[in-house]
Amino acid sequence: MAIVKTIYKRLLQSYGPQLWWPAETEFEVMVGAVLTQHTSWTNVEKSITSLNKKNALHIEAIMQMPETELSTLIRPSGFHRVKAKTLISLATLIHEQYDGSVEKLKKLPSNKKRIILLGVKGIGPETADDILLYALNEPCFVIDEYTKRIFKRVGKTPNNGSYNSWQKMLDKEFKGSLNEMREYHALLVVLGKNHCKSDPNCTGCPLVDICVYGSSHMSAS
DNA sequence: GTCCCGTAAG
DNA sequence: CTTACTGGAC
């Protein structure tokens, strides 16, 4: 079986369904996707909690909130000034162009949705794909640092290292349902946190035997 | 001091 | 390509 499918099966078997994204609403998924940029999820949770306490985890509240107040609320997530601008731009876009309805956004063709998201300053390809996958029901491969690191070590790398070439390579080899695409990204993140860190910990990794890096780093120890 | 589910700007 | 953006956990 092709390596990309094999890895999915292994990870699902090892870790079970992850049922991502952890959020109450689709807009909350979007907020979380922005806040978790280069930031650990535990810090994002602090921000989400603060926003919830202010009853501010919805489009109108974010849109109307003074930038300084919002940036204070999301402080634990880091890059808070930049991220506050991004969240206000995103909320304003949905409010003004789509009647404040995520459902309207969702109904647009997938390529258009992606272009719209990428048009928001502060939303790049990874965040756009997170939002497409977990908020707008659009199956796609999210290419984050974990994904690249894991597939590089396993021995599966695209011709050039661009975001698009990674995505094309993986989308081509794994045509999954929406739910499977959601699970795959979640499972790769779990593997990245548990084993495939920048300083790798191959002991107990469910992929050691099929990983180029893992195979050459387990014998000696 | 290093690492977090990055992005924009120079 | 490099650097700025930022704070919290370990």
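Residue numbers start from 1 in every chain, and the chains themselves are labelled A, B, ... in the order their sequence lines are given, proteins ahead of strands.
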B:dC3 C1' sits how many Å from A:D144 CG, rounded? 15 Å
Does any N or O in the side chain of A:E180 come within less than 3.5 Å of the main-chain N or O of A:S177, such that one atom is a donor and the other an acceptor? yes
Within the 4.5 Å heavy-atom criterion, are A:E145 and A:H38 side-chain neighbours or not? no
Nearest-Å distance, NZ (A:K83) to C1' (B:dC4)? 9 Å
Could you tell me how far apart A:H80 (NE2) and B:dT7 (C1') are, to the nearest whole angstrom? 17 Å
So A:T39, base contact, sugar-phosphate only, or nothing? Heavy-atom distance under 4.0 Å. base
Please find out if less than 6.0 Å separates the ring center of A:W41 from that of A:W21. yes
Earliest and latest nucleotide of DNA chain C, 5' to 3', sitting under 4.0 Å from a non-hydrogen atom of chain A? C:dC5 to C:dA9
For A:I123 and B:dG6, give me the distance from atom CD1 to atom P, rounded to whole Å. 15 Å
Nearest-nucleotide 5' precedence on DNA chain B, A:H38 against A:K121: A:H38
So, with a heavy-atom separation below 4.0 Å from DNA chain B, the residues of residues 85-98 of chain A are none
Please check the phosphate of B:dC3 (OP1 and OP2 only) for any side-chain N or O of A:R149 closer than 4.0 Å. no
Please enumerate all residues that pass salt bridge (Lys or Arg N to Asp or Glu O under 4.0 Å) together with A:E67, with sequence neighbours excluded. A:K85
Are any side-chain N or O atoms of A:K83 and backbone N or O atoms of A:Q37, one a donor and one an acceptor, separated by less than 3.5 Å? yes
Could you check how far CZ of A:R81 sits from C1' of B:dT7, rounded to whole Å? 17 Å
Using a 4.5 Å cut-off on heavy atoms from C-beta on, say whether the side chain of A:E103 contacts that of A:E26. yes
Under 3.5 Å side-chain donor-acceptor pair for A:S77 and A:T39: no
Say you pick atom C1' in B:dC4 and the same atom in C:dC1; how far apart are they, in whole Å? 23 Å
Where do A:I59 and A:L90 land on the side-chain contact (heavy atoms from CB on, under 4.5 Å) test, with the steps shown first? CA-CA 9 Å; A:I59 295 167; A:L90 179 62; over 6 Å; no
Just by distance, no angles: are the side chains of A:T49 and A:N52 close enough, under 3.5 Å, to form a donor-acceptor pair? no
Quick one: A:K148 NZ to B:dC4 P, roughly how many Å, whole number? 13 Å
Looking at A:K197, I'd like to know whether one of its side-chain N or O atoms comes within less than 4.0 Å of OP1 or OP2 on B:dC4. no
When rounded to the nearest Å, what value does the distance between P atoms of C:dT6 and B:dG10 take? 15 Å
Separation of atom CD in A:E45 from atom P in B:dC4, rounded to whole Å: 17 Å
Select base, sugar-phosphate, or nothing to describe what A:G78 touches, counting heavy atoms under 4.0 Å on all strands. base
Show, in sequence, the C-alpha distance, side-chain angles and deciding distance for A:N160 and A:S165, and conclude whether the side-chain hydrogen bond (donor to acceptor under 3.5 Å, both in side chains) test is met. CA-CA 6 Å; A:N160 68 70; A:S165 60; 2.9 Å; yes
Looking at every strand, decide which applies to A:V82 at a 4.0 Å heavy-atom threshold: base, sugar-phosphate, or nothing. sugar-phosphate
OP1 or OP2 of B:dT2 under 4.0 Å from side-chain N/O of A:S198: no
Nearest whole angstrom, please: distance from the P of B:dC3 to the CH2 of A:W41. 23 Å
Using a heavy-atom cut-off of 4.0 Å across all strands, would you classify A:D199 as base, sugar-phosphate, or nothing? nothing
